[in-house]
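Okay, structure first, notes after.
These values consider heavy atoms only, across backbone and side chains, with no hydrogens, waters or symmetry-generated copies.
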Amino acid sequence: MVVSRTDQHLFENAAFQIGLGTYSLTGDKGTETIQSALEYGYRHVDTARLYENERNVGDALTRADVDREDVLVATKVGHFEEPEKTPTYIQEAVTASLDRLGVDTIDLLYHHWPHDESEVETVLPVFDELVDEGLVASVGVSNYPIRYLEMIPTLIDAPLVANQVEMHPLLQQQELYAYLHDQDITLVAYSPLAQGKVFDVPELVRIAEKHETTAAAVSLAWLAQKEESSRFPGRARTLTSNKT
């Protein structure tokens with residue numbers, strides 16, 4: 001995952017601009033991988049209720065020799081595959097996430113992937129309440145198109161910090177990127193290696209060979225050079241999260 005906008009206060013810390021996407025990192029192996037990533041130097045960890053690994057993230061945070069205050073913990077709730085999105089459900093889901101993560105405050109809470117406008121209208125006001133209660137520090141959204149983003153100012157008082165979407169050289173999100181830039185919202189890019197497809201793009205391979213590097217490095221460099229981009233490489237093998 002990659003942060004595309006670095007002027008927002010949450011991402012001013014350079015250590016937060018590259019994050020660990022944890023999709024599919026479950027069980028003991030998942031905990032060990034996340035712990036190793038933290039000890040290797042990752043300071044931004046991204047999970048979700050739907051991933052069913054928040055407890056793995058919490059265990060890794062406890063075991064790793066790093067200070068909790070030095071790590072940005074992000075999670076998500078309200079994916080369209082979840083059974084309901086009532087205010088009570090969201091409140092209880094976030095409370096459960098806090099318990100599994102073993103933290104007092106979620107640094108960045110994303111509305112994961114709404115099914116329709118009604119879910120946006122239901123979920124985001126609850127996020128505002130969670131910020132007021134001190135349970136959530138910053139609000140983000142994930143997989144929001146522009147028409148949903150335009151609804152947000154009338155729904156919450158808390159500033160919208162980020163929109164997490166898939167972005168890479170094969171999916172450049174130019175219109176969305178421009179909108180977020182104009183609105184001073186961070187774009188957080190997941191799957192920056194297009195789930196491995198960048199290795200099969202001749203243009204990227206040629207550029208990589210010219211500079212004696214890899215197609216993965218070229219793709220991450222493309223994101224890094226964006227004026228406003230936050231990167232979330234996921235698993236160590238591909239430096240990308242498979243999906244969100």
Side-chain angles (χ1 to χ4, degrees), residues 1-12 16-17 19 21 23 44 46 48-50 74-82 85 87 90 106-131 136-195 197 219-220 222-232 234 240-244:
M1 311 182 80
V2 177
V3 174
S4 119
R5 189 174 194 86
T6 58
D7 55 348
Q8 294 251 9
H9 65 88
L10 185 64
F11 297 110
E12 285 179 353
F16 295 165
Q17 293 169 24
Y23 176 78
H44 185 168
D46 181 90
R49 178 177 175 84
L50 194 71
T75 191
K76 313 178 195 74
V77 68
H79 192 283
F80 61 79
E81 292 182 3
E82 293 181 55
K85 314 299 182 310
I90 297 300
I106 294 170
D107 299 314
L108 177 55
L109 180 66
Y110 291 100
H111 181 197
H112 197 170
W113 200 332
H115 182 267
D116 53 31
E117 288 88 344
S118 66
E119 290 187 3
V120 175
E121 294 172 339
T122 300
V123 172
L124 288 186
V126 182
F127 279 29
D128 225 16
E129 295 174 10
L130 293 165
V131 171
V136 171
S138 296
V139 171
V141 295
S142 184
N143 302 299
Y144 263 48
I146 292 173
R147 68 181 186 276
Y148 290 176
L149 293 166
E150 291 174 336
M151 299 169 59
I152 293 176
T154 64
L155 297 174
I156 60 174
D157 294 323
L160 179 67
V161 170
N163 186 18
Q164 185 180 135
V165 298
E166 182 175 359
M167 182 177 175
H168 44 71
L170 303 181
L171 181 60
Q172 299 189 12
Q173 299 280 16
Q174 293 178 354
E175 183 180 4
L176 178 61
Y177 179 88
Y179 176 85
L180 294 172
H181 179 278
D182 290 343
Q183 299 298 315
D184 196 30
I185 299 169
T186 297
L187 188 151
V188 176
Y190 70 81
S191 293
L193 304 188
Q195 301 181 36
K197 294 185 179 73
S219 297
L220 292 176
W222 176 82
L223 279 165
Q225 61 83 34
K226 305 290 283 183
E227 180 191 354
E228 320 288 340
S229 191
S230 174
R231 305 156 285 290
F232 275 100
T240 185
S241 54
N242 294 330
K243 60 185 280 191
T244 192

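To the nearest 0.5 angstrom, Leu170 atom CG is 8.0 Å from Lys197 atom NZ. In this structure, CG in Asp182 is found 10.0 Å from CG in Asp184, a value given to the nearest 0.5 Å. In this structure, the separation between CH2 on Trp113 and CD on Gln164 is 10.5 Å, given to the nearest 0.5 Å. Annotation: the span from Asp107 atom CG to Thr75 atom OG1 amounts to 11.0 Å, rounded to 0.5 Å.
The minimum heavy-atom distance between Met167 and Gln172, with the atom names listed, is CE-O, 3.6 Å. Taking both residues in full, the closest heavy atoms of Thr122 and Pro87 are given as CG2-CD, 3.7 Å, listed atom of the first, atom of the second, then distance. For the residue pair Leu193 and Ser219, the shortest heavy atom distance occurs at CD2-CB, 3.9 Å. Here the closest heavy-atom approach between residue His168 and residue Ser191 is recorded as CD2-O, 3.0 Å. Across Val188 and Ala162, no two heavy atoms sit closer than the pair CG2-CB, 3.9 Å. Closest heavy-atom contact between Ile90 and Gly78: CD1-CA, 4.5 Å.
Inter-residue side-chain proximity for Val136 and Phe127 is flagged as unmet; no heavy-atom pair is nearer than 4.5 Å. Residues Leu171 and Val165 are not in side-chain contact: their nearest non-hydrogen atoms beyond the backbone lie 4.5 Å or more apart. When side chains are defined from C-beta on, Phe80 does not count as touching Asp116, because their heavy atoms never get closer than 4.5 Å. Between Tyr179 and Gln173, the closest side-chain pair of non-hydrogen atoms is not below 4.5 Å.
In this structure a side-chain-to-backbone donor-acceptor pair under 3.5 Å is present from Asn163 to Tyr144. Judged by distance alone, the side chain of His44 and the main-chain N or O of Gly19 form no donor-acceptor pair under 3.5 Å. Gln183 contributes no side-chain N or O that, together with a main-chain N or O of Leu180, makes up a donor-acceptor pair within less than 3.5 Å. Checked by atom type and distance alone, the side chain of Glu121 never pairs as donor or acceptor with a backbone atom of Leu155 at under 3.5 Å.
Legend: residues meeting side-chain contact (heavy atoms from CB on, under 4.5 Å) with Ala137, ordered by chain and number and at least two apart, are Thr105.
For residues 136-148, every residue pair satisfying the salt bridge (Lys or Arg N to Asp or Glu O under 4.0 Å) rule, not counting sequence neighbours, is listed here: Glu117-Arg147.
Screening Ile106, Leu108, Asp46 for a side chain to side chain contact (heavy atoms under 4.5 Å, CB included) involving Lys76 leaves a single residue, Asp46. Remark: of the listed residues His111, His115, His112, His112 is the sole one forming a ring pair (Phe, Tyr, Trp, His ring centres under 6.0 Å) with His79. Considering Asp128, Leu130, Val131 in turn, Val131 is the only one that fulfils the side chain to side chain contact (heavy atoms under 4.5 Å, CB included) rule with Val139.
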Legend entry - Val141 vs Leu124, side chain to side chain contact (heavy atoms under 4.5 Å, CB included): CA-CA, chis, key distance, verdict: CA-CA 9 Å; Val141 295; Leu124 288 186; 4.2 Å; yes
Legend entry - Asn143/Tyr190 under side chain to side chain contact (heavy atoms under 4.5 Å, CB included): CA gap, chis, key distance, verdict: CA-CA 10 Å; Asn143 302 299; Tyr190 70 81; 2.9 Å; yes
